[in-house]
Q: 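One structure follows; several queries about it will come next.
What you are looking at is a predicted structure, and each value in this text was computed from that prediction instead of being measured. Basis for what follows: all heavy atoms, side chains included, without hydrogens, waters or symmetry-related copies. Ligands are counted one by one from 1 in listed order, and the atoms in each one are counted from 1 as well.
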Amino acid sequence: MNKLITLDEFIWQKQKDFPFATGELSGLLRDLGLAAKIISREVNRAGLANIIGGADQENASGESVQKLDLLADNLLISCLKNSGECCGVASEEQDSFVAIPSSKNAKYVVLFDPLDGSSNIDVNVSIGTIFAIYRRVSEGECTLQDFLQDGVEQVASGYVIYGSSTMLVYTTGNGVNGFTLEQSIGEFCLSHPNIQIPREGKIYSLNASQYKNFGLGIQNFVEECTDLNYNFRYIGSMVADVHRTLIKGGIFLYPATKKRPEGKLRLLYECNPLAFIIEQAGGLATNGQQRILELESTQLHQRTPVFMGSPNMVEMVEKHLADTNTTTSTIK
Ligand code: P6P
């Protein structure tokens, strides 16, 4: 039987690889792991604890908020407050960033989507938490500039998928590793070391009901995938669709549409962290023309079209966009 390596042990081992590491980032990752374990427990008992269903509130993007969203948001904020390693957080569920005065001199800020795919909560489909960690750029209490950094500045990013098992997948810029929650001991254990995305994918994942709202380039891409007998898979939960893409190969795309010419998915706490993971696993992540990680961050809740996955499929869709001169903002 292989040695069980817990997330804490792994983080501690990796920290030793960095002689100048002082432990703050390791502490932050451990605290995110703790929050994930608590959220996992609540997600797994949601049906029993009468916390399923809408919370009759709307989030910063004007979308109805599920009770578990609120619970996950509060849990993450309190875990990060207690960590002492984070001077502020930004969340999909919060209009603006939340400064943490008790840790105002801490080195890091964290951005997260506390429970992505929450519309799937009531039907027991996989949902997830997405996080991005940056070094702060300000002095004293954190400012908006600490959060409006481009994706290339991420120190670490990751996601937790609450599915048939709960997994935490993260990168600090030296590859991608996956940990599965062993419920009987309450520990995330290394289950997917050094994840590499298959270079040649044959699965495409997008909301096909929007076909008529896609630009010609995307329509031609879908036609080519059909002609090549590629498999179509779409869960409607970004973390689940991207996790499958990471493990099985393929492409996840949420293009610009007539209804949403700027795309639907958020740059700072959905696309950037997942793009970092995909690139670290050997994949590509773009907005159709530019690397996601190089897009300019100007607003906390800004959106972007996103194409991420195996290099062959991202290059294929980019060619269709170029051949039809369909940029992300010109949807006819
Ligand atoms: P649509 C979930 O609401 C989400 O934010 C992502 O998790 C998911 O990829 C996308 O929206 C699904 O959007 O328009 O296909 O329902």
Q: Distance under 4.0 Å to a non-hydrogen atom of Asn207: what atoms of ligand 1 satisfy this?
A: 1 (P), 14 (O), 15 (O)
Q: Hey, is CG on Asn231 packed in by over 12 heavy atoms from elsewhere, all under 6.0 Å?
A: yes
Q: Only heavy atoms of Gly236, strictly under 4.0 Å: list the atoms of ligand 1 that pass.
A: 2 (C), 8 (C), 12 (C)
Q: Side chain, backbone, both or neither: which applies to Lys264 and ligand 1 if a contact is any heavy-atom pair less than 4.0 Å apart?
A: side chain
Q: Would you indicate whether the side-chain heavy atoms of Thr286 and Val314 approach each other to under 4.5 Å?
A: yes
Q: Output the list of atoms in ligand 1 that are nearer than 4.0 Å to some heavy atom of Tyr234, sorted by atom number.
A: 1 (P), 12 (C), 13 (O), 15 (O)
Q: Quick check on contacts: which atoms of ligand 1 are under 4.0 angstrom from a heavy atom of Asp116?
A: 5 (O), 6 (C), 7 (O)
Q: Should Ile203 and Ile277 be regarded as members of a common hydrophobic cluster, given that ILVMFWY residues are connected when their side-chain heavy atoms come within less than 4.5 Å of each other, either directly or indirectly?
A: no
Q: Any nitrogen or oxygen of Ser118 lying under 3.5 Å from a nitrogen or oxygen in ligand 1? Just yes or no.
A: no
Q: Are Tyr230 and Tyr204 near enough that their ring centres are under 6.0 Å apart?
A: no
Q: Is it the case that Glu223 and Thr226 place a side-chain donor and acceptor less than 3.5 Å from each other?
A: no
Q: Just distances here: any N/O of Tyr254 and N/O of ligand 1 closer than 3.5 Å?
A: yes
Q: Please determine if Lys3 and Glu9 form a salt bridge, counting it only when a charged side-chain N lies under 4.0 Å from a carboxylate O.
A: yes
Q: Enumerate the atoms of ligand 1 whose separation from the nearest heavy atom of Phe252 is less than 4.0 angstrom.
A: 9 (O)
Q: Can you name the atoms of ligand 1, numbered from 1 with element, that are less than 4.0 Å from a heavy atom of Met238?
A: 6 (C), 7 (O), 8 (C), 9 (O)
Q: Enumerate the atoms of ligand 1 whose separation from the nearest heavy atom of Gly117 is less than 4.0 angstrom.
A: 2 (C), 7 (O)
Q: Taking atom types as modelled, is there a side-chain donor on Gln94 or Asp73 under 3.5 Å from an acceptor on the other?
A: yes
